[in-house]
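The structure presented is a predicted model; accordingly, all values stated were derived computationally and were not measured. The figures that follow rest on heavy atoms only: side chains count, while hydrogens, waters and symmetry mates do not.
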Amino acid sequence: IRRSPTPPTQGEELLAASPAGPRGGRKGRAVVLPLSAAALVACAVVLLLLAGGSAARRGQFVGADPTVLPSRGGGVGDLHLSQSKSNDGENVTIASSEVVNDKLLGGLLTTGFDEQSCLSRYQSVLYRKASSHFPSAYLLERLREHEALQKKCGPHTESYKKAIEQLKAGQGAKVMECNYLVWVAYSGLGNRILTMASAFLYAILTRRVLLVDSDKGTADLFCEPFPETSWLLPPKFPIKQFKNFSNGSPESYGNMLKNKAIRSNPAFLYLHMAHDYSDYDKLFFCEDNQQYLRNIPWLILKSDNYFVPSLFLIPAYQEELTRLFPQRDSVFHHLGRYLFHPSNVVWGMVTRYYDSYLARADERLGIQIRVFDPEPGPFQHVLDQVLACTLKENLLPAINSKQPIVSTRHSRLKSVLITSLNSGYYEKIRSMYWEHPTTNGEMISFHQPSHEEHQNSDKKMHNMKAWAEIYLLSLSDVMVTSAWSTFGYVAQGLSGLRPWLLFKPENRIAPDPPCRQVLSMEPCFHAPPFYDCKAKRGADTGKFVPYVSHCEDMSWGLKLVDQSEW
């Protein structure tokens, strides 16, 4: 640790300035005392760092505000903490002397928050490697504009009160100063996160205030993303039945189109964008219909899909989206890191687990196992597939079942985080590497935070554990995810990694090949429209533009890819 020289104390100056006595005795004392003090200070610092690596990673230095990351010399940057090995091979957490300004994720985030209310917002940089994907200057500009809009028109403002009064009166004759998009909580946690990101992008494109339904514990899971306002829909929203809207509701835009009941100035419209939406609902993605929707003050959206890829196919938005995301496969990576910060309770779960089991590893491998089978498992074909993938792609070393090779004390350590509803896969893989040494001498540790057995999306603690595990998975250096899983989509998007994707087994037979690395980190849109709005006929929307392609795990799905990676 390199430290800036400190000015000598008044006593040291006097000693140094005094003439030397017999045999240089006084001069000798002047040298020995400062060196002894410096040695004691250096030893104390090293001991503190060795014992308090976890606290240091969270910026909790002695006498410091735990929410403020350490900085050098009062500068604006933050110190990155990194892990290195000392001469005897022990892991030591050290503070880098490089001053960086990544606390705000390259400008993606802004200041103006009560940091104590959301520790993860600025501390996540200490746990995650710096992203190689940089947000565009235009995206940063539009985010700041949207924050101002949310503050101006958010709950409890005069503009919001006026808009609510007009909604109660059924007035929608003209576009108001503030227009709104209400997101309805629906489906599992992974789906909800993806649809919130989709709704947020649509709100940016259409300059609407985004308000989210607080059902299913939204406030318990996530911090407020916008400064000096709230994105939570107030409980006294006048449209009482909005949570029960479905594909059959007469308020839905699709049904109005189907029944030719479109009015010129409705106060609100319901957009049904879930997996069971009709062909009429899918006309949302046609430019002519977007022109009409611009004039509706309140839009209520329910979805369980990441519908961002189809927004890129709407001509009216293509230029804006290109400016926002010149690297098109980074949409969720940037929006996800901007929007979704774990609440303090969830962040405590994340950091305690990471510091206890993952922090000291030289490499962290995340394996997410999601099985779409009515029976709970574990299944042998799934275990075989996971092992075949990780061994074939050299993500895990092979074991030596013939020779009792003993790894040295200073071998490389790899920590494997397994997330699954079932503990059987973790137990079997862990036992295999416990009972046999690796062929390369690498030490492997396995960890699984929970095994809930069944998905319970309506339970608060279940969702908290799920969110903590998604976030832990996103802190991996290398990742393996499961086909069709929105849980895995969120983790890969937050991480900025292109994971190895486990193909979905058919007839309980492990597929061959077992996995492949995906083209991009973007999630898959599972239920896109297959319709050419101009020609007004069915079409393969995965062939319209080169940057919207079909998904690796779902042949009919759509995902964004970056052409430079082809």
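- Here Ser303 contributes atom OG and Leu194 contributes atom CG; the two are 9.5 Å apart, rounded to the nearest 0.5 Å.
- At least one test fails for Arg364 against the ring of Tyr357: distance under 6.0 Å to the centre or angle within 45° of the axis.
- In this structure, CZ on Arg370 lies 5.5 Å from CG on Leu421, to the nearest 0.5 angstrom.
- Here ring-ring contact (aromatic ring centres under 6.0 Å, His included) pairs that include residues 415-441, with residues two or more places apart or in two chains, are Tyr433-Phe446.
- If you check the side chains of His526 and Tyr489, you find a donor sitting under 3.5 Å from an acceptor.
- No side-chain donor-acceptor contact under 3.5 Å links Ser411 to the backbone of Met443.
- For Ser214 (side chain) and Leu232 (main-chain N/O), no donor-acceptor pair under 3.5 Å exists by modelled atom type.
- Contact of the Ser520 side chain with the Val518 side chain is not registered, since no non-hydrogen atoms from C-beta on lie closer than 4.5 Å.
- At least one donor-acceptor pair closer than 3.5 Å links the side chain of Ser476 to the backbone N or O of Leu473.
- With sequence neighbours excluded, no residue forms a salt bridge (charged side-chain N to carboxylate O under 4.0 Å, His left out) with Arg323.
- Here the CD1 atom belonging to Ile470 is positioned 12.0 Å from the OG atom belonging to Ser495, to the nearest 0.5 angstrom.
- Phe222 pairs by the ring-ring contact (aromatic ring centres under 6.0 Å, His included) definition with Phe340, Trp467, not counting sequence neighbours.
- Residues Leu497 and Gln492 form no side-chain contact, since every pair of their non-hydrogen atoms from C-beta on lies 4.5 Å or further apart.
- Residues His272 and Asp281 bring no donor and acceptor atom of their side chains to less than 3.5 Å of each other.
- Summarising the geometry of Asp220 relative to Val346, their closest heavy-atom pair is O-CG2, 4.0 Å, with the distance given to 0.1 Å.
- Across every non-hydrogen atom of Met196 and Leu210, the tightest pair is O-CD2, 4.4 Å.
- At least one donor-acceptor pair closer than 3.5 Å links the side chain of Glu552 to the backbone N or O of Leu519.
- Salt bridge present: Glu115 and Lys103 bring a charged side-chain N and a carboxylate O closer than 4.0 Å.
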- Task: Could you go through the side-chain contact (heavy atoms from CB on, under 4.5 Å) check for Glu393 and Val478 one step at a time?
- Result: CA-CA 11 Å; Glu393 302 298 339; Val478 185; over 6 Å; no

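- No donor-acceptor distance shorter than 3.5 angstrom exists from the side chain of His550 to the backbone of Leu558, with no hydrogens or angles considered.
- Taking the six-membered ring where the residue is Trp, Trp556 and Trp484 present perpendicular rings, their angle passing 60° and hence far from 30°.
- Listed for the Glu375 side chain is no donor-acceptor partner under 3.5 Å among the backbone atoms of Gly377.
- Asp213 meets the salt bridge (charged side-chain N to carboxylate O under 4.0 Å, His left out) test with Lys243; sequence neighbours excluded.
- Electrostatic pairing of Arg328 and Glu522 does not count as a salt bridge here, judged by no charged N lying under 4.0 Å from a carboxylate O.
- Across Gln368 and Ser485, no two heavy atoms sit closer than the pair NE2-OG, 2.7 Å.
- For the residue pair His333/Asp329, the side-chain donor-acceptor check at 3.5 Å is not satisfied.
- For the pair Asp553 (side chain) and Ala483 (backbone), a donor-acceptor distance under 3.5 Å is absent.
- A heavy-atom distance below 4.5 Å is found between the side chains of Met464 and Leu221.
- Phe113 carries Arg121 over the face of its six-membered ring, with the cationic atom under 6.0 Å from the centre and within 45° of the normal.
- For Val548 against Pro309, the heavy-atom pair with the smallest separation is CG2-O, 3.9 Å.
- Donor-acceptor pairing under 3.5 Å is lacking for the side chains of Ser420 and Asn422.
- Between Ile429 atom CD1 and Ile399 atom CD1 the span is 11.0 Å, to the nearest 0.5 Å.
- A donor-acceptor pair is defined here as one N or O able to donate and one able to accept, closer than 3.5 Å; such a pair exists between the side chain of Gln385 and the backbone of Phe503.
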- Taking it one step at a time, do Ser124 and His341 satisfy side-chain contact (heavy atoms from CB on, under 4.5 Å)? CA-CA 9 Å; Ser124 63; His341 306 285; 5.5 Å; no

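- In this structure, Asp304 contributes its side chain and His275 its backbone to a donor-acceptor pair below 3.5 Å.
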- Task: Test side-chain contact (heavy atoms from CB on, under 4.5 Å) on Val480 and Val386 and set out the steps.
- Result: CA-CA 9 Å; Val480 177; Val386 172; 5.9 Å; no

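- Of the candidates Tyr306, Tyr186, Trp183, Thr195 forms a side chain to side chain donor-acceptor pair (under 3.5 Å) with just one, namely Trp183.
- With a 4.5 Å cut-off on side-chain heavy atoms, Ser445 and Leu413 count as touching.
- The ring-ring contact (aromatic ring centres under 6.0 Å, His included) test with Phe200 singles out one residue from Phe332, Trp231, Phe226, and that residue is Phe226.
- For the pair Cys524 and Met554, the tightest heavy-atom approach, listed with the atom from each and the gap, is SG-CB, 4.3 Å.
- Contact of the Pro397 side chain with the Ile444 side chain is registered, since non-hydrogen atoms from C-beta on lie closer than 4.5 Å.
- Minimum heavy-atom separation, Asp562 to Gln327: OD1-CA, 3.8 Å.
- Rounded to the nearest 0.5 Å, atoms CG (Leu119) and OG (Ser343) are 10.0 Å apart.
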- Query: Taking it one step at a time, do Thr438 and Leu396 satisfy side-chain contact (heavy atoms from CB on, under 4.5 Å)?
  - Reply: CA-CA 9 Å; Thr438 59; Leu396 280 177; over 6 Å; no

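- Every side-chain contact (heavy atoms from CB on, under 4.5 Å) that Phe285 has, sequence neighbours left out, goes to Met273, Tyr277, Phe307, Ser310, Leu311, Ile314, Phe525, Pro529.
- Within the 3.5 Å criterion, the main-chain N or O of Leu324 finds a donor-acceptor partner in the side chain of Ser136.
- With sequence neighbours excluded, no residue forms a ring-ring contact (aromatic ring centres under 6.0 Å, His included) with Phe312.
- When ring centroids are compared, Tyr547 and Phe325 stay outside the 6.0 Å threshold.
- In this structure, the separation between CE on Met479 and CG on Leu365 is 9.5 Å, given to the nearest 0.5 Å.
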